[in-house]
Structure formats: structure tokens, C-alpha cells
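A short write-up of the structure that comes next.
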Amino acid sequence: MTPTSRAPPPARSMTGQVDAPTTEQNALLQPSRTGRDGRSLSAASIITGTRGQSFAASGPPPGSFSSELRSTISRSETPRPDFTAHSGFVEEDSHSTSEQRQAELQDQIDKETKIKIGSENLLEALNSKNAKQTKDQRLRVEAELNSSNRKLAQLKLGLEAEIQRSKEVKEPLSNTTSRLSYLFRNAPSRSPSRPLGIDKEEELEPETESPTFVLAEILQALEAEGMQPEYYVDKANSLVELFKRHPALKYDLAWPTFGLRMQTMLLSDSREVVAAGYRVMRYAITDKKSLKTIRELHTDYLVILSLVKESKASVEREQALKFVRAFLDVKDGVFEISRAVIRIIVSVAEHADDRLKSISILTLAEILVRNPLLLVSAGGMGTLTDALGEGNYHAAESLTGSFLYLLDTPRRRKFLRSGHEIEVPFAVFTDAAAIHGHMHEEKLKANAKVIATLLKSWAGLLTLCMNDFLAIRSLLSSLYIPTPHVRNVLLELLFDILRIKPPSWSSSFLAGRRLTTYGRVTNLKIQPNKDPSVTDNEDDTNKWNLIEHYIAVVLAVLLHAGLMPALLHAEEDSLTLALKRKTTLLLGEVLKMANELLPPSWSADLQVLPELLRSAATFNVEDRFIATGTIYQIDSVNRTLYRSGPTTLHNLKSSVNNESDTTPRQSEQSKAQAGMQMDESQFRSLMLETQVLNTVNFTKWRWDLIQNVIDGPLLNAKRLDEAMKGAKFIHRVLGFYRPFKYRFSEVKNTKPNQRYVRAGCSLIRSLLQNPEGVKYLAESKLIRQLAECLSHFDRMSGLTSELPIFTAERMTETLTGGYFAILGALTKDLKGIQILERWKVINMFYHIIELHDRDDLIRALLSNMDYTLDGHLRIIISKAMTSCSKDIRIFSTRLLRKYATKSLQNADSSGATTGIAEWAIRLLVTQLYDPEIEVCEVAIKILEEACNQKHSLEYVVKCRPALDHLGEIGAPLLLRFLSTSVGYHYLDGLDYITKEMDDWFLGRNDTYVALIEASMARALADIPEKPQPQMSYDDAPEHQEYGLVPPHFYRELTRTHEGCKLLEQKGHFDEFATTIREYGMEDDDSETILKVKGCLWAVGNVGSMELGAPFLEKSDVVKWIVQIAETSEVMSLRGTAFFVLGLISRSLHGQEILIEYGWDGVVNETGEALGFCIPLDFKKLFSIKPWVATPRRSTVWKQKADIKVAITDDDPLNARILKLATDLGNTVLAKKAANDLHAIKAKKASGFQKPALFHKVMQVLESHHFRLPVCRFVIDLFDKRVLRQIVLEEEDDNDDGGDDGESDSSSNYSDNDNNTSTSSYRNGDQGGDDDDDNDNDSNLAFAPRPVTNGASSSTLS
């Protein structure tokens, strides 16, 4: 994601003077002030607030949004909105604002960083080639890299200077227009939900005036008439700042006075003033009661008039929509949004080129979740359905959440027409044959994302499988369409849906290379853990993966719907070579997944590819050669895939995994043995080829050959002796690393240059293997000089240097930090430690750990040492874990992970590593008492991981850690203790078990449901992790894995006989079974559904243990769970039951019970259950009955009555006006109606100056669907004084009052806008769609509006 510039936090001077800008500068910002990616800047980009206040603590503003939505943020792809048409936006002459300059500098920094990374990668590639051939190219790349480093340093300095300069007080702008543009630049747009933090200095300085008095003063100032627009904007911004400083103030507003001031602002002719008025109103919102008060100010009409304006009123329109969105932030605030306002938002969302289109669609999606009846009655369902499938909305997949939420329960899904709304994205695939072109491919990709999102949820999957899998079958049938880009997008979609990560060799394979040419790559196995002992002893029950169970059912759905015949057709009828190879790869992956995830009854028939085999066996037909070739290719890919390693976690249990640890090791050993057997002549020629003996210039050396020499021949004593004495090879290479030769220590710290560090460590290891090498190393100047360099930072040594080697800058910029890696290589061997002790290096380590200002040095030291051998180094790290700064304590605690997770048994078997795991565990237990909770949290996570092994778990219990003081943080570790008898008795003695058991029974089960559903949603969403900097020293725990079954109290309890006995005594399991039996078919009450889900997960976790089998047998609960999975009308509940049956199938007894009820489980080659199960009668799982939308009669009758009143008037002319306004929604009659209305307006009809007619016309606009230009045209017919009369309630007594709407955003109701829209409409633009059928028909509230035809698609802007 492209980083955006962030302004620094506000600052206050030590003298107490305020460094913040004046009030004029901290003002409402124009929405046109956009970031470099075209998005409106949020509150994070505020430089500072009045009184030096920081806005960092505030959340996003009420109703705030980004005006340009993209599913991915990209500077290069997002167009910059053009606001030059807005009169308030004036480009500044020669100087840009500070924020713009910061953004430009940040952009340049990003660009230079990319150039730097590219140069490093290219250098690394060139290093593997012939040095002579690539010399010139390498020099150019190095020059470019140096240039990038220099530019980056200059740009960073410039950015820091600019940030500092932005804190200084700026002079107010004199020019009125420029100042207006400035005032609307970077004010925050959200009122905080809690009081912001205030600096201590500020607390010492009491306010000179009470906030109530300041409020009254500002409101009185707003009474002034005839002032310049910036005067009112300035006062409005002061009001917002006041509300932010004193959030409680808005609860005591005198609305008669405050409301009148706001009405006056909203009726202003200046767009900026109106926008400021909306902003103040937004910050004044407190609760639902305040919304009612605001609506009494006739804000509904004001918002409608603002939203229908042309795009040049962008400030006003944006603030109006933010005002409406602020209603959604209040509890039940959605019920205060009128249907009229939603009608206009629907029109904005349908307007093709409207800047607010995207956020309007998002607003409608939020309303759909909170109040679906309101949205459907306003005709918004059709708009959302179009956005879902047309490919114009850039984040269409985000809309699926609203539809899936409605589909989940029977009551909510009544608002949809049998789920066909979510089938819209499939249309672009099935009618793709006649359409080609780049835009069509982009639309396909957008819709593929939507389909993938739908298929990653139970509601979407079950709905799309209705009508005998019709939607899925139609999608797969698109593979028969002979259009390359359609087939390519479909294949990518299938890879995504099945979560297939192509193997490392796939890119080469797809490019056309033969599989045999890179067999070495495919022989390298996927190793999930560097230490094989951990994998062997790890308790796999803590890695149960629900995602794979879900993928299993998705795969079964696709196979049932005809995936294999479609893929085989695509394989035989390949359109391009690349598509043929991609299809072959997908076929191989599908066959492999079916073998691993599905029962034999599913996968056995697939593996033989009967259709292909039949074609290949037909000898009289030409096609048999194609079929034979296809079978060969698929077989080849399959064999390569199986060599590449397992697809799933569970396949690790199979015998395939045993080879994965041995193969790489064997290949390395064989390579080293071959090198050791090299004869003298070969060795000499190899040394000559390295160029080490020919020149002292290390840049001309062949470092790849040097590495081969070090790793092979130098392990042979004879060859080593020759390299040390006969030739100067070792002398020259070691000389390169000597600090005071300033060669290695001056090399830039880049990725390609890390090879020097690797070679140095390898050389140290090779020398330590031989007594002569140890002696040579002990006498060499390298260690002696390193000791002297370290002594410069040892306060006890008395030595100093003007230019020490290990300065912070050199550690960052050069390879100086690599010296610690070289010293670390020495610490892996006892002889190496003796060399360090000889030169007092260990003593210096003790003193370096005590440095308070060199955390970087301490990190480098701790991370590179090896703590396998018992000695001083273990004392050093334990000292760092207890006496250093918090960051170093956390860092050193993480370093213990690789030692704590070693197997205790393996450690005991080799004398060299005796007690390493025990030592690490003891230290980690000590860390549980650290005063900083973050340190304790890291220690808990590592101990939890160590407890995956039974022996380690028992040792942790033996240490008797007290975890009471850690609360929830320590709970997961205590749960792990329950899984052994030793831990059970330990916890029982602490009276932990009964308390925790009651806690889970009374509420934690429900919390567990939320946790596991959030984890599943996060895993299926495929949100990319933020890339963390690759630091070799930071051995942090793995990033959190999503989609795994979290630890459950009842599962851990059922691991021991004592726990099962307690569970039986308490009777909790019977309670769970009773709840499932009695309430399992509940389909409406959300609390009951949540309770049932909690009971299901508890039963599933108990049933997953072999000791839990008697509970299942006794209660017969499996029968009811199967019934829920096959017949429940709540889709998420059905999915939960499916997962729970998978958990039950993990025990042998559970599988036997499931077979009785027609569910088949999956086992691996050794007969172990994998936790996947599928019904033998597959369609039972997807038996959702189609539903019929049943409208609420009372609502429809009320709508009909309103329409009748609206289109009736005693005055014949007024009645005609109303009739013509209604006709504008009819595509056929629209043009004539517009001309007639314009003619009536030209005759100055009195009705256009009467509030009563205005109310009725607004009712017409609310009751029918009109396009945005039509709404603008109709409203512009009225005299602008009419709105003032209505808002300020200056209407005559005989005028009917009208109420409707809600929102915010000032409306600048200018004659210019009237003339523009009127004339443009007269030029023949068709108005909108006649929505009479939708609104008058009894199915109005539940039927999506049909897609408009081409005749009505023209715009009026």
C-alpha cells in the first residue's frame, strides 16, 4: 500500500507560548484538499489544533468518508478529482502549502526507495554472473544505488525540515478567495467520541473564559449580516473547535437560538458557508433526540437541495452527505433518515460521473444493514444490485457483506427476491461470448472478486447452490466459451476460491519450461519448522484448521457442479499454450486436493480421469493423441506437486513429510563430501578462479566460488593447511574482514552485500572444525582488532577513539553489524568461546549490555549469539531480560523462542545441548513477573507454543508459574495446563478449574462464537499482512494464524480422565445437548441463535477428544446437530453445525456415530482422522427452500395515500404541474413534460412561489424514482425564496406543511444553478425512470428496481 504523508503531532514550546496556528488557519478544510491518491484527507493529516491540542486521539469524524473508493490504494491508478470548476478552489500561484510540499517529498521518497530496492535486486542478480561480462553494468547499478541513497538522505532531511517549518505560525492570507480556499483545507472532520488528551502544560493553564460564554459569544457574532463568507466560516470553525475541546457542551445547547443560526447559515448563497453550517450541525449531534430536534429545522429539504446541485458545489454536497452519514453513527439514528433523502442519495449513486457516487453506494449499503425496509421502499435495492455486478464501483466486493447479512436469516432475506440479486455478477461471464476488449476484461476481474467473496461465506455459498447449483453450474459452463481472457479470469477465480497457492516452479512452468529442467527445485520440500524435533512432537490438535474443512465443501460443490468435465474440455480445447498449462496446473492441484480433503467415495473416481482415459483408449480417432498427451502432462504435474510438498497442514502427518527433513540435509552433506574429496590440482585451480590470489581488490573476487571453497575443500585438513600455508587464500580472506583495514566495515549495508557476512560466518565455522584452523584463528589479527573496537564502548577499558567502528550510523549504513554475526559463529563452538575469552570479548559483552543509549548495539549482540552451550552468554541474556529497557527485554524474550520450543527428549539425548529447553523455559517463567505487561504477553505466547509438546508442558507446570496477576493474558496458558493430569491437579489446587468452568458455562461460550467467527472471516478475506521488515535478529513468534480452532476450556478439560469426571458431575454437557435439541431450529431470535452456536462449539470440542465419546453416545446429540446442518433456515447456524460435525469426526468413535447418520469422514494414509466430513447425500447440506417476498400491506397503502394527496390540487394549473412532475419519471413522457414545465415557468406561474406546491412536489420526488438531473430540474423551477419561507416557517396559514428528509450540507440555491440545469434539461436530456410500478405496486418494498433502459441513461449535468 502506498504510504501517505502524515503530519507531525502538535507541539507546544517550553515557555508556554502556543505554537499552534491561529483560528483562521485551523479551519474547516475544503474537500478539494485531497491526498496524492485522490482521497480526501482525514483527521490524521491535521497539523495542529488550537491551544496546541493533538487530534491524534480522535476517531474518524461522524459521517466521514473518502470520496474516491478503491479496493486497493494506488497512486498511479487513482485519478485526481478535478475541482477547478469550483469557484472556491483557486490554485495558489507559485507556492504550495506545507502539506502539499510534505506530500510531494514523501512521494519522492517512495519513488527513490523503489529505485533502491530494484538496484539491490539487480546487483544480486549480476553477482551470480561472470564478473568481467557484467562489470560495466554493475558499476552503473552501483552508481545508481549510491545516488538513490544520497537522494533518500537529502529528501528525509528535507521532509523533517518541512515538518518543523509547518509547526511555525503562518501569516493569515490577505486575499479573500485564497483565504477561503485555505480555510477549507485540513480541518478534522470527526467529532471525537471521548474528550481528547490535553498536554500537562495546558492543564496548568486554566481557560480564561467559560465555554458557555464563548459559545454565546460565537452565536452572537453569527447574527451579523452582510459579512464576507470567510467570516462565517471562521466562526463555524471556532464552534467546532469548542465542541471538540468540550464534548459535553453540545448536550446543553439552546436549540431555538443555535438552530436559528444554523438555519441562517444553511440558507446562505455561499457554498462554503453552507458547508460550514453542515459541519457544525454534525458536531452538535449527540443522540437520537438531537436528531429529531435537527430534523425539526427542516434539514431534510436543505440536504435534498444541496445534494441535487451540480458538481461544482462539491464542498457543500460533500458536507451534506457527511451530515447524513453522521446519523448512522448514532444508535437508531438510521430511523431518523427520511425516505426522501434516501431517494436523492439513490439518484446520486446512479449518476454516472458524480464524485459522490462511490460513497453514496456505501451509505446505501450501510442503511441496507440497519434498516432494510426503508432502503427497499426508497428504491435503493436496484442501485446496490447494479453496483454489485456492473463493475463500475471499484470496491464492489465490499457490498457483498450487506447482502450476505440479509441472506442469513429467513426474516431478513424476505427483503431480497429469492437471492437472485447476488447472481448479478455471474451474468458478465455467461454472456461473454460476444464482447471483447480491455474494459470487458476489467469488468470480469471486478466481478470475479465479488463472486470469490460470495463463495467465502456460508450465506453466499448456500444461496448460490439453490436451484440445483444453478449459479455455480452457469459459472463453470463459461469455461466452454472460446474466449481467452474469459477463461483466464475464470481459472484465476478458481485458484482464488480454492485458496491454491501456486508452487514456486509454477511461473517457469506457465512460461513454457519443461518440468524436468528444474527438478532440483521441486525436490526441496516445504519445511514448516527449522527444527524437525518440534514437528515430530507437536500436538497437532492445537492446529485444527477450519478453513480447510470449508475449502473441502467448496471443492465438493464445484466437483458436483461439473468442474472436472469443464476443466478437461478447457484442457483439450486449449486456446493458447499458457492457458493450457494453467489448466493443467489447476487440474493437478484439484486432483491433489480431492485426494487430501475429500472422502475416498469422492476422490477415487476423479483420479483416473475416466473421460480422458476413454478418449485415449479410442484408437481409431485422431483426438486420442491429444487425450494421451493431456494425461501425460497432468501426471507429470501431479508427480511434481507431490514432490513439492503437502498442500494442507494435515498431510504433514503422512509419510511424505518424513522425507522433507532429510532430503535437503542429504543434498548439503553430499555436496560437502564431494568438495572434501577434491584433489590438490582441482583445489588450486579453484582457488585461482576465485581471484583471491590474483588481486587484493575484493570487488573482483568470485564470492560464489569462495563460498564453495569454504563449505567444501576447507573442511579437509590437508586442503585447509594448503590454503593457510601454501597459498595466501585464508590470509587474504581474513584480512578483508579485519576492521582496521576498513574494507568489510566500509561496505554498504545492502541486500546483495549480505553475501560477505555469510562467507565470513562460514569461514569461521570451517576453521573451527580443525585444530590448525582454531590455532590460526586465535593468533589472527581479526579477533584481536574486533576486541579493540568493542573496548571503545566498554567504559571499564579506558580506551576511546575519535572514530569508533561500532557507531550507530555505521551499524545502520555499513556491514559493521555483520561483525556480531561473525562473533556469533564463534560462540557455537566451545573452542570459539575460548578464543573470545582469551581476548576478553566476553567481559566487554557484559559491559555493553549495561549501555543505556545503544539499544542497536545490544540488539545486534544478543541476536547473533548462540546460547546452546551453558556459560557466560546465558548469563548475559538473562541479565538483558531483567535489567535493560522494556524494548530490549521484549526483544531478548523473543530470542528464547527457538530454544524453548526444542524437544526436551532430543536435548537430553545429546550431551552438548543438555538442558537448553529447560533453561529457556525457566527464564520465560521468570519473565511472567516482569512489571511491563507487554513482556509478560510475549513470554506467555512462547510458553504456549512450547506447551505443544507434552514433556515441555509438564516441565512448565513443574515450574509452578503464578498467573493470577495477568488476568486474561494468562488464560490460554492455564487452559493448556488442563490437558495433562499433572496440570489438572496443579490448577485444581488453585481452585481455578471450577471458577473457570462456571465462567465458560455462563458466558464465555458466547464470546468464543464471536472469536471463532471473526477468525474465520479474517482468514477467508485474504487481507494481506503488512510487510514486516526482515530482520534476521528478530526471532519473533510467527504472525497470528487465522482460521484455526481456538483453545476451548471443555476440549482441554476432556483430555484427562479427571476432567471428564468433573464434566459429568457438573452436568454441563447435558445442558448443552438440551439447548441444542430444544432451540436448534430457532431462526429469528439472535440471542437464542448465539446461545445455540456456543453450545454447538462446546459439544464439538468435547466430541473431538476420544475421551469425549461417552458423552456423545449418552446424549444422542449428534442426531440434532446433523438435523441443524441439513435443515436449519439460518445459514450461519448451518455452517457452524457443519464445522462442529467436522470436529466430532476427529475422534474414531465420532466417525462411527456420523456414519450412522449418513456423514462420511476423511482419514489420511495412516488411518488418522483429519476432521473433514461430508454428507453421503450431498444435496441435503444445500436444501434451502426458495422464499417469496411478502410486502407489508400497511406500508404500501400509506404510500398510495400519500401519492394521491400529492398529485391533487384545487388549482388546475398546480394540478397540471404535479402531473407533469410525475411524468418526468417516465422515459417516454419525460421530454414533453420538461418542455411543458419550462413553458409554465416562463409564464411565471404563481404556484412556483408557493410553499404548499413545493411540499407536494417534494412528495412526488419521494414517491417515485427520478434521476439526479431531473430532481435538480424540478427543484430549480421554484423561486429560491420558497425554501427560506419553509425553513424559517414564514409560510401562510393555508400552506400545507411538509416534512421529509434529513441530512446536512448547506444548500447554495443560486440562479446560476437554476439556469444551467433548466437549459440542459431543455436540450433534450431525458429525465429518469418511471418508478410508478415499483412504488405503487404491492411488491414495492421488496422488489429491486429493474435496470433502466438506454433511453433514460443520459445525464443532465
Side-chain angles (χ1 to χ4, degrees), residues 529-531 534 537-539 542 849 855 858-859 861-863 865-868 870 873-904 907 915-980 982-983 986-987 990 992 996 1028 1031 1033-1041 1046-1047 1052:
N529 200 310
K530 292 179 184 177
D531 187 355
V534 177
N537 291 283
E538 189 170 348
D539 183 357
N542 295 300
I849 289 294
D855 278 6
I858 298 172
R859 282 173 185 265
L861 166 61
L862 293 174
S863 61
M865 298 303 118
D866 187 276
Y867 305 99
T868 307
D870 193 5
L873 290 172
R874 290 191 182 181
I875 300 171
I876 287 171
I877 193 172
S878 63
K879 182 178 179 183
M881 290 170 69
T882 51
S883 63
C884 287
S885 65
K886 182 179 85 170
D887 290 339
I888 294 297
R889 297 206 303 278
I890 291 174
F891 178 79
S892 50
T893 305
R894 283 176 173 163
L895 290 175
L896 289 184
R897 175 176 170 268
K898 69 178 178 183
Y899 302 104
T901 52
K902 286 181 182 293
S903 169
L904 265 67
I916 176 70
E918 289 94 327
W919 162 76
I921 288 171
R922 284 197 303 273
L923 268 188
L924 287 168
V925 170
T926 308
Q927 290 303 87
L928 299 179
Y929 309 108
D930 192 279
E932 293 290 343
I933 200 70
E934 291 96 329
V935 181
C936 304
E937 200 167 357
V938 172
I940 284 281
K941 286 179 180 174
I942 299 172
L943 284 173
E944 198 181 341
E945 191 177 346
C947 287
N948 286 339
Q949 303 160 68
K950 188 177 179 184
H951 294 284
S952 297
L953 174 57
E954 290 176 351
Y955 189 79
V956 174
V957 174
K958 196 185 294 183
C959 294
R960 301 181 68 81
L963 299 172
D964 296 347
H965 63 292
L966 294 179
E968 286 297 314
I969 294 175
L973 188 58
L974 289 172
L975 274 185
R976 301 307 300 276
F977 288 2
L978 274 179
S979 59
T980 62
V982 179
Y986 169 63
L987 294 176
L990 298 175
Y992 165 83
E996 190 73 3
Q1028 298 296 332
M1031 301 178 180
Y1033 56 77
D1034 191 356
D1035 197 14
E1038 308 274 334
H1039 68 274
Q1040 184 177 354
E1041 293 182 84
E1052 305 301 324

Which atom of Ser952 lies closest to which atom of Ala946, heavy atoms considered: CB-O, 3.2 Å

Aromatic ring pairing Tyr929/His965, orientation class (parallel under 30°, perpendicular over 60°, tilted between): parallel

Side chain proximity check, Asn948 to Arg976, heavy atoms < 4.5 angstrom: yes

Met865 vs Ile877 side-chain heavy atoms within contact, under 4.5 Å: no

Interatomic spacing from OG1 in Thr980 to NE2 in His951 - rounded to 0.5 Å: 11.5 Å

Any Pro961 side-chain heavy atom under 4.5 Å of Tyr986 side chain: yes

Side-chain donor/acceptor of Ser979 to backbone N/O of Leu975, under 3.5 Å: no

Steps toward side chain to side chain contact (heavy atoms under 4.5 Å, CB included) verdict (Tyr867, Ile876): CA-CA 10 Å; Tyr867 305 99; Ile876 287 171; 5.8 Å; no

Rounded distance [0.5 Å steps], CZ in Arg874 versus CG in Leu896: 10.0 Å

Atom pair CG/OG of Leu923 and Ser892 - distance to nearest 0.5 Å: 9.0 Å

Result of checking Ile940, Val938, Ile942 against Leu924 for side chain to side chain contact (heavy atoms under 4.5 Å, CB included): Ile942

Value rounded to 0.5 Å, distance of CD in Glu918 from SG in Cys959: 9.0 Å

Minimum-distance pair of heavy atoms, taken over all atoms of Ala880 and Arg889: O-CG, 3.7 Å

Closest contact, heavy atoms only, Thr901 versus Gln949: O-NE2, 2.8 Å

CA sep, side-chain torsions, deciding dist, call: Leu862, Ile888, side chain to side chain contact (heavy atoms under 4.5 Å, CB included): CA-CA 9 Å; Leu862 293 174; Ile888 294 297; 4.1 Å; yes

Separation between NZ of Lys941 and OG1 of Thr893, rounded to the nearest 0.5 Å: 13.0 Å

Note, Leu966 side chain near Leu973 side chain (heavy atom, < 4.5 Å): no

Non-hydrogen side-chain atoms of Leu953 and Val982 separated by less than 4.5 Å: no

Non-hydrogen side-chain atoms of Phe977 and Tyr992 separated by less than 4.5 Å: no

Minimum heavy-atom distance between Leu963 and Leu928, given as atom pair plus value: CD2-CD1, 3.5 Å

Min side-chain heavy-atom separation Glu996-Leu978 under 4.5 Å: no

Nearest-0.5 Å distance, CE of residue Met881 to CD1 of residue Ile890: 11.5 Å

Taking every non-hydrogen atom, the tightest pair across Gln927 and Cys936: O-SG, 3.8 Å

From CA spacing to verdict: side chain to side chain donor-acceptor pair (under 3.5 Å), Thr868, Asp866: CA-CA 6 Å; Thr868 307; Asp866 187 276; 2.7 Å; yes

Side-chain heavy atoms of Glu934 within contact of Glu932, under 4.5 Å: yes

